[in-house]
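Before any comments, here is the structure.
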Amino acid sequence: MMLTRRPRRNRKSAGIRQMVQETILTVDDFIFPLFMIEGENKKEEIPSMPGIYRYTLDHLMVEIGECLDLGIKSFCLFPSLGEDKKDSMATEGSNPEGLYQVALSSIKEKYPEAVLMTDVAMDPYSSDGHDGIVKEGKIINDETLEVLGKMALAQAKAGADIIGPSDMMDGRIGYIREVLDDNGYTDVSIMSYSAKYASAFYGPFRDALDSAPKFGDKKTYQMDPANVKEALIEAELDYVEGADFLMVKPALSYLDIIKTLSDNFDIPITAYNVSGEYAMLKAAAQNGWLENDKTMMEMLLSIKRAGASAILTYFAKEAAVLLKK
Ligand code: PBG
């Protein structure tokens, strides 16, 4: 048999396979989302996300210390608040003494090297469970921007490195950029959830924060999973309005979106490997149907291969342990 090209030659040994590997996953790629609760000395596992917890600030500090030792440098915080802290205007979100802002400044004080990313959206603080203000059953855009601007400013004041608007309101990046700049926070970055889809994969996250919408769904602001051109429009607007990073969310069913944005924009594209994607593998692994470690690494690698330069993932700690070996 005369075959001039035999691609298998480049796969014949571990040494050669490693030499020709096109995508290399490292701990630098990870942003670890962390859930926090009020109070002290509590660490509650989230039932639909085995291995992921809600921490009070004391435990959160310990967790972050462990992660830093493993080489994870970046974290994204999400607060889980009691109903008594929620109202229709998400007032608690910009309270300088609130759980979130106190956590940001305490973490920065203890671990100045940690990169802290935030979440800007009304849902964790909203009695309606929506990301924007609700008026007569509708999510109103422009009035919501003011709330988001206040929230972003409070987070910047508390020491946030990267503001993460996840709300999908129109014009939010430009609005938040202006508020930050007007107040002297020109160095605070914005990672926009540019292409955030109305996805069923957020289910376990909404359990974790108890933040499911009280009525309706999020389809008037989050994107239709059927659309890719629309992602280009969203990304273009966020780019023009001053975003430093463009995020795609979820990740695994949206690898084509990650690729499209990375082919079309020169700023870093990031991806959010969401709660449902985590839960699917954990459930299958608990049943012995999939091998946890290998499947996890393949998932993360595929997100990077598609064009993501950083990945928000609940697998960050587990994967960091494996990568250290
Ligand atoms: C809401 C928000 C959501 C997630 C991050 N921020 C859920 C939603 O839009 O309802 C989901 C993250 C995940 O599923 O891991 N602003």
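Order of appearance sets the numbers: ligands from 1, and atoms from 1 within every ligand.
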Are [X] and [Y] ion-paired here, with the side-chain N under 4.0 Å from a carboxylate O?
X: K196; Y: D167; answer: no
X: R172; Y: E241; answer: no
X: D58; Y: K42; answer: no

Which bit of [X] is near ligand 1, meaning a heavy atom under 4.0 Å away: side chain, backbone, both or neither?
X: Y314; value: side chain
X: D123; value: side chain
X: D131; value: side chain

Write out the residue and atom name of the closest protein heavy atom to [atom], then the distance separating them to 0.1 Å.
atom: atom 5 (C) of ligand 1; result: K249 NZ, 2.6 Å
atom: atom 16 (N) of ligand 1; result: S166 OG, 2.9 Å
atom: atom 14 (O) of ligand 1; result: S275 OG, 2.7 Å
atom: atom 2 (C) of ligand 1; result: K196 NZ, 3.2 Å

Could you check whether H130 and Y221, counting side-chain N and O atoms only, form a donor-acceptor pair closer than 3.5 Å? yes
Donor + acceptor pair across side chains of D87, S127 (<3.5 Å): no
I'd like to know if the side chain of N141 and the backbone of D170 have a donor-acceptor N/O pair within less than 3.5 Å. yes
Ligand 1 atoms in contact with [X] (distance to a heavy atom under 4.0 Å):
X: Y272; result: 12 (C), 15 (O)
X: A121; result: 16 (N)
X: Q222; result: 8 (C), 9 (O)

Look only at interatomic distance and state if Y193 has a nitrogen or oxygen under 3.5 Å from any nitrogen or oxygen of ligand 1. no
State which residues pass side-chain contact (heavy atoms from CB on, under 4.5 Å) with V62; sequence neighbours excluded, sorted by chain then number. E66
Sequence neighbours excluded and cut-off under 3.5 Å, please list the side-chain donor-acceptor pairs for residues 292-300, or say none.
residue: N292; atom: OD1; partner: K282; partner atom: NZ; Å: 3.0
residue: N292; atom: ND2; partner: E318; partner atom: OE1; Å: 2.8
residue: K294; atom: NZ; partner: E291; partner atom: OE2; Å: 3.4
residue: T295; atom: OG1; partner: E291; partner atom: O; Å: 2.5

